[in-house]
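What follows is one structure encoded as structure tokens, with my remarks underneath.
All of these numbers come straight from a predicted model, not from anything done at the bench. Counting from 1, the numbers follow the sequence of the chain as shown.
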Amino acid sequence: VQLQASGGGLVQAGGSLRLSCAASGRTFSDYAMGWFRQAPGKEREFVAAISRNGISLDYATSVKGRFTISSISRDNAKDTVYLQMNSMKPEDTAVYYCGAARTSSRGDVYYSATRYGYWGQGTLVTVSS
């Protein structure tokens, strides 16, 4: 599956951005999806994940309370996963990557980057103070 992330940009602290990740090439609904981010000099870290059926969701502790329960969503008809980011902070500045994890489980989410076999190219998010 090929993934194309978009929606990054420059936003002021407290602002919002919506990232999109469009998939192609394979059956999108066969994949659990996740968003990760990597700041300069740091390792890639988990941000949010959603199951194949879109029912199971989870978020990193660092974004809980700022991202709503529906911040990560997917539209299997459009082969796209979204990440709505609110109340953004300068520490959210990073390159954001979407990942796809092929799985037979409709309801599981995955937290480790090693579980994701496919990645988008990343989209840069910069939050100014």
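Scanning both residues, A5 and T123, for their nearest heavy atoms gives CB-CG2, 4.2 Å. Considering all non-hydrogen atoms of both residues, R115 and R102 come closest at NH2-O, 3.0 Å. Minimum interatomic distance between V95 and G122 (heavy atoms only, all atoms of both residues): CG1-CA, 3.8 Å. Between A13 and S129, the shortest heavy-atom contact is CB-CA, 4.3 Å.
If you chain together hydrophobic residues whose side chains sit under 4.5 Å apart, L57 and Y82 never meet in one group.
Evaluation of the disulfide (SG to SG under 2.5 Å) test over residues 4-62, restricted to residues two or more places apart or in two chains, returns C21-C98. For residues 74-83, no residue pair satisfies the salt bridge (charged side-chain N to carboxylate O under 4.0 Å, His left out) rule, not counting sequence neighbours.
With W35 as the partner, the side chain to side chain contact (heavy atoms under 4.5 Å, CB included) test is satisfied by one option alone out of V63, I50, L19: L19.
No side-chain donor-acceptor contact under 3.5 Å links S20 to the backbone of S6. Judged by distance alone, with hydrogens and angles left aside, the side-chain atoms of Y59 form a donor-acceptor pair with the main-chain N or O of I72 at under 3.5 Å. Remark: side-chain polar atoms of S71 are paired, donor with acceptor, to backbone N or O of Q84 under 3.5 angstrom.
Under the salt bridge (charged side-chain N to carboxylate O under 4.0 Å, His left out) criterion, E45 pairs with R37, sequence neighbours left out. Here S51 pairs with N53 under the side chain to side chain donor-acceptor pair (under 3.5 Å) rule; sequence neighbours left out. Partners of T114 under the side chain to side chain donor-acceptor pair (under 3.5 Å) rule, at least two apart in sequence or in another chain, are S112. Among residues two or more places apart in sequence or in another chain, the side chain to side chain contact (heavy atoms under 4.5 Å, CB included) test is passed with S128 by L10, Q12. With sequence neighbours excluded, the residues forming a side chain to side chain contact (heavy atoms under 4.5 Å, CB included) with V11 are L17, M88, V127, listed by chain and number. Applying the side chain to side chain donor-acceptor pair (under 3.5 Å) criterion to S16, with sequence neighbours excluded, gives N86. With sequence neighbours excluded, the residues forming a side chain to side chain contact (heavy atoms under 4.5 Å, CB included) with R44 are F36, Q38, Y97, W119, listed by chain and number. Qualifying side chain to side chain donor-acceptor pair (under 3.5 Å) partners for Y118, counting only residues two or more places apart in sequence or in other chains: none. Under the rule for a side chain to side chain contact (heavy atoms under 4.5 Å, CB included), the partners of A49 that lie at least two apart in sequence or sit in another chain are F46, V109, Y116.
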Please output the side-chain donor-acceptor pairs of residues 22-33 that fall under 3.5 Å, not counting sequence neighbours, one pair per line with the distance.
none

Practice task
Determine, step by step, whether K64 and D58 satisfy the side-chain contact (heavy atoms from CB on, under 4.5 Å) criterion, reporting the C-alpha distance in whole Å, the side-chain angles of both residues, the deciding distance to 0.1 Å, and the verdict.
Solution key: CA-CA 9 Å; K64 283 183 179 178; D58 208 355; 3.4 Å; yes

Exercise for the section: Verify side-chain contact (heavy atoms from CB on, under 4.5 Å) between I55 and R106, making sure each step is shown before the conclusion. Expected result: CA-CA 9 Å; I55 294 176; R106 293 184 178 275; over 6 Å; no

